[in-house]
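Basis for what follows: all heavy atoms, side chains included, without hydrogens, waters or symmetry-related copies.
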Amino acid sequence: MVEKTVTWWAFWGYVEYVWREKKILFLYGAFFFPAFIVANFLQVYLPKMIIMELEEKRSIAYMGLSVLALVLVLILAILLRENMHSRLKYGNRQIARQQQRDYVNKLLYVDYGYLEDQEFLSMRNMAKESIFGEGIGGQGRAELMDFMPEVVMLIAAVGNVILYLYYLSKISFLLILVLFAVIFLGTAINVKVFRKNEKKHAVKSADTWQKLDYVTRKTEDFTMAKDVRLYDMAPWLTGLIDEYLGERLLFKKREMISRGLADGVYLLSIGVFMVSLLGMLLLRFWNGGIGVSDVVFYANMGPALYTLLDREVSSRCFHLFQIMTEYQRFQRYMNYGEDTGTMDVPVQKEAPSIVLEHVHFSYPGAEKEVLSDISLQIRAGEKVAIVGVNGAGKTTLMKLICGLLHPTSGRILLNGVDMETMEAEERYAWFSCTFQDVQFLPVSIRENISQEIRDIASVRENISQDRASTGKDEKIWHCLEQAGIRKEIEDLPKGLDTLLEKNINEDATDFSGGQRQKLILARALYRNAGVLILDEPTAALDALAENEIYEKYAEFARGKTSFFVSHRLSSTRFCDRILLLDGGNIAEEGTHDELLAAGGIYGKMFAMQSKYYQGGEKE
């Protein structure tokens, strides 16, 4: 009962959404309704009129004019119907485009923590399938963009059925009862079958589609092309595609078997109705109750009614139920979690103090804590190194400190203010960060560094910005020089106007992993916020470039509270304090010399790394 109520409210919710976004669709529907009924009825009535004219021995001229008039009305009704239907479909696609924007905006503005929540990600997968269609491996499910055409055609079909019922009631009221029984039986069986399949396979099917979409995108990814060829990955990728396509087909096979049985029962019911209709017509004609024209009229009305019931009423009721299920998926996704706002908060330049009080953190659904009882005080302007083995929780700690993630318990204070009481934009305004995953927008180097993006048309046409109007280039070049990549950019034909991301821009320039890391560092330096977080900033750099970054670190961090995350312990001597994470806790704390003297985990790790480099020098 609850599911039926939710589906019903989803229907009215979608109607309100359409009314809010595009009211003119209701006007199109108002014109479509009479055009649909007139066009269908005249196709049934026209043969009856011709036979009736012959029975009454009308003149050829009179009969010709009558038929011509009806044909003209029929043609006009069909033209109006098709025109309104096309406008409805196009208008609903505009609404679907808005829903797609809403889907993307949800991902852009939802609190970051939910992007690592498997329940939210599962809802995202199902919503994406509903909003964008099944795409790769699709099986032709009803789509949200079909909502208004389906609703209007269903209403018109019901109006047409009522008109036919009025005429059929003159033959036998029993036929009406048979008809309603057929409608109820067919629709109820289809809905029950769909609910069963939705409950049993929806999540698995959406997850399989997401995996299939991911693998397919990887085959299109230019950055994967070298590895695919050199390491013979093609058989593995095609094997995955075959596997996921097979799973999708298996889901569809199960659905089609159930639907086939349901459709068989429905068609049998329709057969009972048609036999009853023809039997009564023959009986009434044999008894002289109706003439030949009426027999033709009602005999044509039977198949027309069957078509309406099968393709319009029952089928569209089922499709609308599917669409409402898709819309509920979309709504659950849109209403899940908390979204950040769009406040315009200036970047905070002041170096703040940061305090962690008994901070615990575990990812949603995980039994084990990533960080446990972390208490820490960072002075304003202090340079702190975070070290530890892979998986120790270094990046997670940085995400907590900059407000991307929220403590499971405990609190983090920024200048004495609990960060949980601050808006997301207020938290982010304090931080300039570089993380290990290097990502760029498909725009110019200038825009990627300054984050001042032109309109998309200018990007596509590669129209240069007016340097005089921005007045930012000098600062950009300075940051590129600090990051050690200015000369490479100056040598490019288009300089700062060089586009990035070859997957989107054909004339983009590909940079090496180390060069991309330097560009990300330049972006963080350009932002110049009060807290600088460098998470493995030299992981992709060669030894010389790495040493250059270490030597410049003091300059980067001047006047800022800074965190330098690294597994290379030689980099930590530039920091005021070193924190070693182990097992989700701060296992050791102190300066480089203090930790070496203590002879603990840090000392052993440093000795091992030093031995490796010394061995390399001897060779």
Side-chain angles (χ1 to χ4, degrees), residues 214 217-231 233 395 398 432-454 456 458-465 467 470 472-528 532-553 555-556 564-568 571:
Y214 170 81
R217 284 187 283 109
K218 283 299 178 185
T219 64
E220 302 165 348
D221 188 350
F222 176 75
T223 60
M224 282 281 293
K226 297 186 293 294
D227 291 337
V228 168
R229 285 154 178 80
L230 292 173
Y231 294 98
M233 293 181 179
T395 297
M398 292 302 96
S432 296
C433 304
T434 70
F435 288 103
Q436 298 175 52
D437 298 326
V438 178
Q439 302 293 337
F440 292 106
L441 293 173
V443 293
S444 69
I445 292 174
R446 175 186 288 105
E447 292 162 300
N448 269 288
I449 301 301
S450 69
Q451 291 296 292
E452 295 179 1
I453 312 300
R454 295 167 290 166
I456 191 65
S458 298
V459 173
R460 287 176 177 169
E461 296 299 324
N462 198 18
I463 299 173
S464 300
Q465 283 183 310
R467 293 171 175 78
T470 61
K472 306 294 183 182
D473 282 14
E474 185 177 344
K475 182 179 177 181
I476 293 174
W477 284 118
H478 176 66
C479 293
L480 290 170
E481 185 171 1
Q482 283 185 299
I485 196 173
R486 174 168 182 161
K487 186 177 185 307
E488 289 96 320
I489 304 304
E490 287 178 330
D491 290 342
L492 294 172
K494 295 182 180 179
L496 294 179
D497 291 316
T498 301
L499 294 176
L500 300 180
E501 299 303 305
K502 206 172 187 66
N503 287 330
I504 302 295
N505 301 307
E506 293 182 3
D507 57 343
T509 297
D510 278 328
F511 288 95
S512 68
Q515 290 172 323
R516 292 171 68 87
Q517 203 157 32
K518 290 179 180 179
L519 288 172
I520 286 293
L521 176 58
R523 184 174 70 184
L525 296 175
Y526 184 92
R527 181 173 169 84
N528 195 30
L532 177 65
I533 294 178
L534 303 180
D535 187 357
E536 299 284 6
T538 63
L541 300 183
D542 58 59
L544 292 177
E546 182 180 17
N547 186 65
E548 183 181 354
I549 295 297
Y550 293 160
E551 291 178 350
K552 290 181 178 179
Y553 179 59
E555 181 184 350
F556 297 163
F564 194 99
V565 180
S566 180
H567 66 279
R568 300 180 185 178
S571 65

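- For T509, the side-chain contact (heavy atoms from CB on, under 4.5 Å) criterion is met by L492, T498, F511, not counting sequence neighbours.
- Note that OG of S432 is 8.0 Å distant from CG of L525, once rounded to the nearest 0.5 Å.
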Would you please test L521 and F556 for side chain to side chain contact (heavy atoms under 4.5 Å, CB included) and show each step? CA-CA 10 Å; L521 176 58; F556 297 163; 3.9 Å; yes
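- Looking at residues two or more places apart in sequence or on another chain, you find no salt bridge (Lys or Arg N to Asp or Glu O under 4.0 Å) involving E488.
- S444 and D497 are not linked by any side-chain donor-acceptor pair at a separation below 3.5 angstrom, with hydrogens and angles left out of the test.
- In this structure, L480 and A522 approach most closely via the heavy-atom pair CD2-CB, 3.8 Å.
- The minimum heavy-atom distance between Q515 and S512, with the atom names listed, is OE1-N, 2.9 Å.
- Legend: residues meeting side-chain hydrogen bond (donor to acceptor under 3.5 Å, both in side chains) with E555, ordered by chain and number and at least two apart, are Q482.
- The shortest side-chain heavy-atom distance between D473 and L496 falls under the 4.5 Å cut-off.
- Side-chain N or O atoms of N448 include one that pairs as donor or acceptor with a backbone N or O of L441 at under 3.5 Å.
- Minimum heavy-atom separation, L519 to I489: CD2-CD1, 4.3 Å.
- With sequence neighbours left out, R523 forms a side-chain contact (heavy atoms from CB on, under 4.5 Å) with I449, Q451, I520.
- Not a single donor-acceptor pair under 3.5 Å links the side chain of K518 to the backbone N or O of A483.
- With rounding to the nearest 0.5 Å, the separation of OG1 in T434 from CE in M398 is 11.5 Å.
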For the pair E474 and R446, evaluate salt bridge (Lys or Arg N to Asp or Glu O under 4.0 Å) and give the outcome as yes or no after the intermediate values. CA-CA 11 Å; E474 185 177 344; R446 175 186 288 105; over 6 Å; no
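- Evaluation of the side-chain contact (heavy atoms from CB on, under 4.5 Å) rule for E490 yields W477, R486 as partners, not counting sequence neighbours.
- Distance CG/L532 to CZ/R527: 11.5 Å, rounded to 0.5 Å.
- In this structure, K472 NZ and C479 SG are separated by 11.5 Å, a value rounded to the nearest 0.5 Å.
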